[in-house]
Structure formats: C-alpha cells, structure tokens
Amino acid sequence: MADLTPIVGDNPCIRQSMIQFVLLTAYEEKIGMDNPLTRKLSSFTDFSEEDTRRLNDLCRNTDSYISGSDLIMEGDRPDSVFFLLEGWAYRYKFLPDGNRQIVAYLIPGDLCDIHIFILKQMDHSIGLLSDAKVAAIPKVDMLEILDSHPRIAQALLWATLVDEAVLREWIVNMGQRDAFSKLAHLFCEMCFRMRQVGLVHANQFDLPLTQEQLGDTVGLTKVHVNRVLQRMRRESLISLSGKTLVIHDIERLEKIGEFDSTYLHLERRPSLSSQSNY
C-alpha cells in the first residue's frame, strides 16, 4: 500500500480511517468486476457509476446453500427476489406420478423473477444443482431499484424477456427435435449463457448436471441420455468429465442442434443505451 503520510499526516486515527477507506474502495471495485449480474446486464446497456454501485450493493449480503436444497418451494409466498451469485439452480415441477420436469436453469447473474413477490404463491419450485451463494433482495429494495434506476429497470425487463424467449425455445426443443439434437442445442445454449457472464474458457465450463437431470430437462430417460453422450464423445464433439463440459466442435454442435443464438438477444440495440427510461 502506498505511503499515506503526505496526505493524512501522522495522526493514527485519521491514517487508520484512510486505510479502511482505501481497502473498502478496492473491495468495491473488485465486486464490480466480479459481479455476474452487472456483467450480464451490461450486455444490454451502459450503466452509470451510480447504477453500477447499486447493482453491486445487491451482492453485499449473501448466504451459502448446499447442493440439493430448495430456495423456493411450490406453494410458498415469497417476499424477496433471489439473485444467484455463484452456482447453478433450476426451476422444476413434480407431476402427480412423482416424475419431475425441469423447466429452466439459473446460472450466476440470474435473478429468480424480478416481480416474484406479486404472486400469491409460487406455482413451481427453485432448487440448487450445486453449492451456491445467493443474495435475497427484499421487496422494498427491488421496487426502489425499478423506480429510481431506469437503466437498471430497462435491463431487468430485457433479462425477463430473454428468460421468456429461452422458455419458448425449450418448448420447441422438447417437442420438435430428436434426442441427439436436443442435447446438442441445450449444450450450445448453456455455453453461450455462461460465456455472457465470463464463465467459459476455451469452450469449457462447469455443468453440474447428472444424466438423470439432463433427462428431466429434455424428456429422455437416463439410459437414452447416456447413449447420446457416448455418441457425442465418439464423434469428438464434447468431453464431459465430472462436472466440466468441454465442447470440441462448437460449430458442428450448433448445426446438429439447429442452434441460433438470436433468441438469447446477446447483441445490444444501440438506441437503448441512450434512453433514460423504459
């Protein structure tokens, strides 16, 4: 740390306060760089320093959860919005016969429904696929952000619309593609989404999913998923070791999965970054 004597003199109290200020500033800058929500929403618009500071504030108070636990259960009456800082989560529903359908994956940078507190009760559950770090944003804070920070509100609306587009694409994937194409499309989507928040390195990223969970996502049995994965390995498309997926031929995988990233809306509309509200 630089010598602060020329600035604050020899007063130990002032010096200690200045050191704490410098350390806090450095910490805030680091949070700003590492905050996946800021990285994700910055894909949509340019934020002011105040916007960035407010987004970073959402990461101040977090709780750690273990894999397999639930953030929200169907029937709950939530009063906070959950923000995923680390780890993977998923939306799911159980059928009367005990079968489970996974309807969405949530990765770092994702909010679990920005208006969730409007609902009388949850119509689905949100569980964790891995150990996770999660921030619970109280209703009053969420409303303040939407009212006082139009660029953030605009970006959150964009994120909500993207979530809806992803759900539509999952419906198409479930109903219209064969097993090989289903998993190819899913892997391409997750690669693009993880890359958006800086979590892909050389087409390698964490994929904390079991074969059973993959089957519950695309409507296949565990045995069928295993056969598809083995074929992908034989054709040198992917490597899947533990909880790490490596895509060796992303262009061919996109072709097999009929994947077009347009529905993820990763390219910013230039006019929006100059608008003050939505």
Side-chain angles (χ1 to χ4, degrees), residues 70 72-75 84 88-107 109-116 119 122-129 157-196 200 203 205-235 237-238 240 245 247 249-267:
D70 285 301
I72 301 175
M73 292 290 292
E74 187 171 351
L84 198 60
W88 281 47
Y90 69 119
R91 305 182 197 274
Y92 70 93
K93 290 182 70 72
F94 275 119
L95 278 65
D97 62 4
N99 287 325
R100 175 184 60 183
Q101 180 64 53
I102 295 175
V103 296
Y105 292 139
L106 303 172
I107 62 173
D110 285 343
L111 288 162
C112 305
D113 305 304
I114 62 174
H115 292 105
I116 198 171
L119 300 177
M122 288 293 293
D123 57 17
H124 66 279
S125 301
I126 298 178
L128 294 174
L129 294 162
L157 177 59
W158 163 81
T160 300
L161 293 174
V162 171
D163 288 345
E164 293 175 356
V166 169
L167 179 57
R168 287 191 292 272
E169 196 67 25
W170 276 38
I171 293 172
V172 173
N173 202 37
M174 280 279 294
Q176 299 299 322
R177 297 188 177 103
D178 62 29
F180 197 53
S181 298
K182 285 180 179 181
L183 282 180
H185 189 280
L186 180 64
F187 290 160
C188 288
E189 177 187 297
M190 299 317 302
C191 183
F192 274 71
R193 288 177 59 191
M194 290 285 279
R195 183 183 292 129
Q196 183 185 22
V200 173
N203 285 339
F205 58 95
D206 291 338
L207 189 78
L209 303 172
T210 65
Q211 293 183 13
E212 181 180 5
Q213 289 162 347
L214 285 170
D216 288 346
T217 302
V218 295
L220 300 173
T221 65
K222 180 180 177 181
V223 172
H224 205 164
V225 169
N226 182 267
R227 290 172 181 165
V228 172
L229 294 177
Q230 291 297 335
R231 178 182 170 186
M232 287 184 173
R233 290 188 179 102
R234 288 196 305 270
E235 297 186 15
L237 290 168
I238 67 164
L240 184 58
L245 176 68
I247 299 178
D249 192 339
I250 185 67
E251 291 183 358
R252 184 162 174 244
L253 202 66
E254 288 178 15
K255 184 176 181 180
I256 292 169
E258 301 173 331
F259 180 79
D260 180 351
S261 65
T262 302
Y263 70 97
L264 295 175
H265 301 283
L266 299 174
E267 294 187 8

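Treat the numbers as computed from the prediction; the structure is a model and nothing was measured.
- For R100, the salt bridge (charged side-chain N to carboxylate O under 4.0 Å, His left out) partners are D216, not counting sequence neighbours.
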If you look only at distance, which donor and acceptor atoms sit under 3.5 Å apart when one is on a side chain in residues 217-225 and the other is two or more places apart or in another chain?
residue : atom : partner : partner atom : Å
T217    : OG1  : Y105    : OH           : 2.5
T217    : OG1  : Q213    : O            : 2.9
T221    : OG1  : H224    : N            : 3.1

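- Pairs engaging residues 157-175 under the salt bridge (charged side-chain N to carboxylate O under 4.0 Å, His left out) rule: E169-R177 [sequence neighbours left out].
- E189 pairs by the salt bridge (charged side-chain N to carboxylate O under 4.0 Å, His left out) definition with R193, not counting sequence neighbours.
- With a 4.5 Å cut-off on side-chain heavy atoms, I256 and L237 count as touching.
- Taking E251 as the reference, D249 meet the side-chain contact (heavy atoms from CB on, under 4.5 Å) condition, with sequence neighbours excluded.
- Contact detail for K93 and D123: the closest heavy-atom pair is NZ-O, 2.5 Å.
- Considering only residues two or more places apart in sequence or on other chains, Y92 meets the ring pair (Phe, Tyr, Trp, His ring centres under 6.0 Å) condition with Y90, F94.
- Residues passing the side-chain contact (heavy atoms from CB on, under 4.5 Å) test with M174 are Q101, sequence neighbours excluded.
- Atoms CE and CG, on M190 and L209 in that order, are 7.5 Å from each other to the nearest 0.5 Å.
- With sequence neighbours left out, R195 forms a side-chain hydrogen bond (donor to acceptor under 3.5 Å, both in side chains) with N203.
- The distance from the CG atom of L186 to the SG atom of C191 is 11.5 Å, given to the nearest 0.5 Å.
- At a threshold of 4.5 Å between non-hydrogen side-chain atoms, the residues L229 and I238 count as touching.
- No more than 12 heavy atoms of other residues, nucleotides or ligands sit less than 6.0 Å from atom CZ of R227.
- With sequence neighbours left out, D178 forms a side-chain contact (heavy atoms from CB on, under 4.5 Å) with F180, S181.
- Listed for the R91 side chain is no donor-acceptor partner under 3.5 Å among the backbone atoms of C112.
- Residues passing the salt bridge (charged side-chain N to carboxylate O under 4.0 Å, His left out) test with R252, sequence neighbours excluded: E235.
- For K255, there are no side-chain contact (heavy atoms from CB on, under 4.5 Å) partners at least two apart in sequence or on another chain.
- For the atom pair L253 CG and H185 NE2, the distance stands at 10.5 Å (nearest 0.5 Å).
- A search for side-chain hydrogen bond (donor to acceptor under 3.5 Å, both in side chains) contacts involving D97 returns N99, not counting sequence neighbours.
- Looking at heavy atoms from C-beta onward, L207 lies in side-chain contact with W88 at the 4.5 angstrom threshold.
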